[in-house]
Protein chains: 2
Amino acid sequence: MFDALWAALADPHRRAIVALLLERPRSVGEIAQACGLSQPGTSKHLKVLREAGLVRVRQDAQRRVHALDPAPMAALDAWLAPYRKLWTESLDALGRRLDERTDTHGTRAPKD
Amino acid sequence: MFDALWAALADPHRRAIVALLLERPRSVGEIAQACGLSQPGTSKHLKVLREAGLVRVRQDAQRRVHALDPAPMAALDAWLAPYRKLWTESLDALGRRLDERTDTHGTRAPKD
DNA sequence: ACCCAATATGCCTCTGTAGTTATATGCCTG
DNA sequence: CAGGCATATAACTACAGAGGCATATTGGGT
């Protein structure tokens, strides 16, 4: 299921759909128009998102209103966690180095 | 480049490589063996990761030691940010509901 | 019951890509 | 400078996925 999540979000159109649903739930037609996709194409993308658990459907007459379910993204966040530590360290280190450069005068770089 | 990042991480083998490089930099051969991949396959995956900016190479004699560069993942994190807010809200709401259920014992939580 | 609107599904094509084998390149060592 | 490693690249095969079209399906209104 984790693989399905990554695969679902790997497609730019599907990320666009997800971003669209971040604002509010929408019908298939709305999504298709907003993303410049055909209706069948949109349906297929939504199916992938549904199977990844990222989207839920509510039936309203003939409309199928799709709403975002952000829960699976917590898994992405968890996956990202170990790396987050690293890149914040890098940024911190960079910041410190820049601070030192302005504070004292640089380790290697001549002041001028 | 953002697309390349998603595409790179969409592949399970490449995520495995990235996770492997989280521990320490490794040569192509090491990676291939650890992931059960062929040498050419590994090279190709590493190329994708390199072009996504996730990996950097240091040449050591014949070895090419690849190291993780977690910086691009910050972009993933930024992308995830708006959704993170949502799912924490959901979890909070769930927590509150459970609390109310134990606190009072009403099914419908008639607290207010 | 019929018809219309909204959506899903099947089929086809095409591109992209993962995997494999074989070969080329680069770099050290004797 | 010849030989052996480690890695990259090329050529090929196979298959998954995205897009487009036509059509089936579902629900509602009259």
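Chain A is the first sequence line, chain B the second, and so forth, proteins listed ahead of strands; every chain is numbered from 1.
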Considering only residues two or more places apart or on different chains, which pairs with a residue in residues 37-51 of chain B satisfy salt bridge (Lys or Arg N to Asp or Glu O under 4.0 Å)? none

Could you pull out every donor-acceptor pair under 3.5 Å between side chains of residues 57-69 of chain B and any protein atom, sequence neighbours left out?
residue : atom : partner : partner atom : Å
B:D69   : OD1  : B:A71   : N            : 3.1
B:D69   : OD2  : B:R56   : NE           : 3.2

5' to 3' contact window, DNA chain C with chain B (heavy-atom distance under 4.0 Å): C:dA18 to C:dC28

In a table with atom names and distances, give each donor-acceptor pair under 3.5 Å that connects a side chain of residues 5-33 of chain B to protein atoms at least two apart or in another chain.
residue : atom : partner : partner atom : Å
B:D11   : OD2  : B:H13   : N            : 2.9
B:D11   : OD2  : B:R14   : N            : 3.1
B:R14   : NE   : B:A8    : O            : 2.7
B:R14   : NH1  : B:H45   : ND1          : 3.1
B:R14   : NH2  : B:A7    : O            : 3.2
B:R15   : NH1  : B:L9    : O            : 2.7
B:R15   : NH1  : B:A10   : O            : 3.2
B:R15   : NH2  : A:D3    : OD1          : 2.8
B:E23   : OE1  : B:R26   : NH2          : 2.6
B:R24   : NH1  : B:E30   : OE2          : 3.2
B:S27   : OG   : B:E30   : N            : 3.3
B:E30   : OE1  : B:S27   : N            : 3.1

Going by heavy atoms closer than 4.0 Å, what residues in residues 14-37 of chain B are next to DNA chain D? B:S27, B:V28, B:G29

Span of DNA chain D engaged by chain A, first through last nucleotide within the 4.0 Å heavy-atom cut-off, is D:dA18 to D:dG28

Sugar-phosphate only, base, or nothing, as touched by B:K44 at under 4.0 Å among non-hydrogen atoms: nothing

pair A:L76-A:L80: side-chain heavy atoms closer than 4.5 Å: no

If each of A:V48 and A:R64 is mapped to the nucleotide of DNA chain D with the nearest heavy atom, which maps nearer the 5' terminus, i.e. the 5' end? A:V48

Using the closest heavy atom to pick a nucleotide of DNA chain D for each, name whichever of A:Q62 or A:A7 lands nearer the 5' end. A:A7

Shortest non-hydrogen contact from B:Y83 to A:P70? O-CB, 4.1 Å

Hydrophobic clusters here meaning ILVMFWY residues chained together by side-chain heavy-atom distances under 4.5 Å, can you tell me if B:V48 and B:M73 are in one? no

